[in-house]
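Structure record follows, encoded as structure tokens.
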Amino acid sequence: DRAYVDDLEITGMLHGAVVLSPHARARVVRIDTSEAERLPGVAAVATARDVPGNRWVGLLYDDWPILVAEGEEVRCVGDILAAVAAADEHTAREAAALVKVEYEVLAPVLDPFEAMQPGSSQVNPRHENVLSHTVVSRGHAEAALAASAHVVSGTWQTQRIEHLYLEPESALVEPLPDGRLKLYTQGQGIFDDRRQVASVLGVDTDRVLAELVPNGGAFGGKEDMSIQAQTALLAHLTGRPVKLTLDREESIRIHPKRHPIQMQYTVGCDEEGRLTAVAADMVGDTGAYASVGSKVLERAAGHSCGPYRVPNVHVEARAVHT
């Protein structure tokens, strides 16, 4: 049997914890780490100002800050304001609770249809609220529907799906004698993890070694970075191995979910029941960050007719930020 990340132990290892935003949207006025830093057993408290490289990460777009800075907005209750390394997990979590953050609470954009309206607040500074717009068109759907013997229409809504894997996100980073960092990760793409961690630290990718560790399930929920970069930053700042493991609530707050999609369909057929046309409009909620939302909605459009041969198709699919 192989151990999960949270089962791994290295001599001299510190334990990490993170400070999450309690607000879906707010401007960060001030982050005060002084009380946390004075707690006995605390080795480091990291904020945005401690990031030596690129603070923004992402699978397709660098649009997700690993630590939100003063003056910026938090965009979801999974955004991280500070990360702590301490002698043990209890002390790390106690110190994280001592970090004081002053917020100016703002009205969040919670609905993708609201987000698409003119004048709606821009959720992510690096994208318009409509992240992607996919169109699949073949033949003449409108004319074919008008000529169809039978036409039906309906609207369907899928739900946001939590992956709920056995082991919540966990990362361990060990400084090596030659100055490189060894990342033990449960990420679904260790080369993506390696690339993004190196970018955050401002080093070449060959300065980061990444090893995939069994992760107790993922199902798409561990494609994106979770706490690998924050753990690596703490190891970089302290020069010691650091392990950071989320609890279940933190895990659910931080990682992206399978996208809820509203689908409006109009389908036509001839007298024998053979499909003649499909017209569909899909809107998927990709949350505050892109993740792979554009690809998910592109795939939804591509699969919109299932396994059936349909000569006339017009499908539009949008991934929208909230």
Side-chain angles (χ1 to χ4, degrees), residues 1-20 39-46 57 59 66-67 78 80 82-97 162-198 200-201 207-257:
D1 291 345
R2 292 191 64 193
Y4 286 173
V5 177
D6 196 38
D7 297 321
L8 302 176
E9 298 283 342
I10 296 177
T11 302
M13 182 177 74
L14 298 168
H15 293 259
V18 291
V19 179
L20 299 184
L39 185 70
V42 170
V45 182
V57 299
L59 283 171
I66 70 154
L67 291 160
I80 299 174
V84 176
D88 55 69
E89 184 180 357
H90 176 79
T91 303
R93 289 188 172 276
E94 185 181 353
E162 161 61 41
H163 304 84
L164 208 72
Y165 10 77
L166 291 176
E167 184 187 30
E169 292 85 341
S170 184
L172 170 59
V173 178
E174 177 187 14
L176 300 177
D178 62 6
R180 293 183 296 172
L181 289 178
K182 177 73 176 288
L183 166 66
Y184 298 88
T185 178
Q186 356 163 287
Q188 287 181 251
I190 57 171
F191 294 103
D192 284 321
D193 290 358
R194 179 190 187 211
R195 168 182 60 82
Q196 292 172 91
V197 166
V200 167
L201 297 178
R207 304 303 293 168
V208 178
L209 301 177
E211 179 178 326
L212 179 65
V213 179
N215 58 23
F219 322 117
K222 291 177 180 173
E223 288 182 315
D224 299 88
M225 295 273 277
S226 55
I227 37 75
Q228 293 95 327
Q230 293 85 354
T231 310
L233 177 60
L234 291 170
H236 167 76
L237 293 173
T238 62
R240 294 173 61 182
V242 179
K243 181 168 70 178
L244 202 165
T245 303
L246 300 180
D247 65 23
R248 182 63 70 186
E249 180 185 339
E250 291 167 337
S251 170
I252 292 171
R253 285 168 65 174
I254 285 177
H255 70 249
K257 311 292 183 281

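Keep in mind the model is a prediction, meaning the values are calculated, not measured. Computation of the quantities below employed the complete heavy-atom set of this structure, encompassing side-chain atoms and omitting hydrogens, waters and symmetry-equivalent molecules. In this chain, residues are counted from 1 in sequence order.
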Locate the shortest heavy-atom distance separating [X] from [Y]; write the atom from each residue and the value.
| X | Y | result |
| --- | --- | --- |
| Leu183 | Ala171 | CD1-CB, 4.5 Å |
| Val213 | Leu8 | CG2-CD1, 4.4 Å |
| Gly78 | Ile254 | O-CG1, 3.5 Å |
| Arg207 | Gly179 | NH2-C, 3.6 Å |
| Val173 | Ala235 | CG1-CB, 3.7 Å |
| Leu14 | Ala85 | CD1-CB, 4.2 Å |

Is the side chain of [X] donor-acceptor paired with the backbone N or O of [Y] at a distance under 3.5 Å, no angle test?
| X | Y | value |
| --- | --- | --- |
| Gln230 | Ile66 | yes |
| Lys257 | Ile252 | yes |
| Gln188 | Gly220 | yes |
| Arg180 | Leu209 | no |
| Lys222 | Gly217 | yes |

Kindly compute the distance separating [atom1] ([X]) from [atom2] ([Y]), expressed to the nearest 0.5 Å.
| X | Y | atom1 | atom2 | answer |
| --- | --- | --- | --- | --- |
| Leu212 | Phe191 | CG | CZ | 10.0 Å |
| His236 | Thr231 | NE2 | OG1 | 14.0 Å |
| Glu169 | Thr185 | CD | OG1 | 10.0 Å |
| Glu94 | Thr91 | CD | OG1 | 6.0 Å |
| Met13 | Leu172 | CE | CG | 6.5 Å |

Report yes or no: do Glu167 and Gln186 form a side-chain donor-acceptor pair below 3.5 Å? yes

Going by atom types only, do Gln228 and Ser226 share a side-chain donor-acceptor pair under 3.5 Å? yes

[X] versus [Y]: any side-chain heavy-atom pair under 4.5 Å?
| X | Y | value |
| --- | --- | --- |
| Val200 | Val57 | yes |
| Arg93 | Asp247 | yes |
| Arg253 | Leu246 | no |

Does CD belonging to Glu211 count more than 12 external heavy atoms closer than 6.0 Å? yes

Set out, in order, the CA-CA distance, both residues' side-chain angles and the distance that settles salt bridge (Lys or Arg N to Asp or Glu O under 4.0 Å) for Lys243 and Glu89, then state yes or no. CA-CA 9 Å; Lys243 181 168 70 178; Glu89 184 180 357; over 6 Å; no

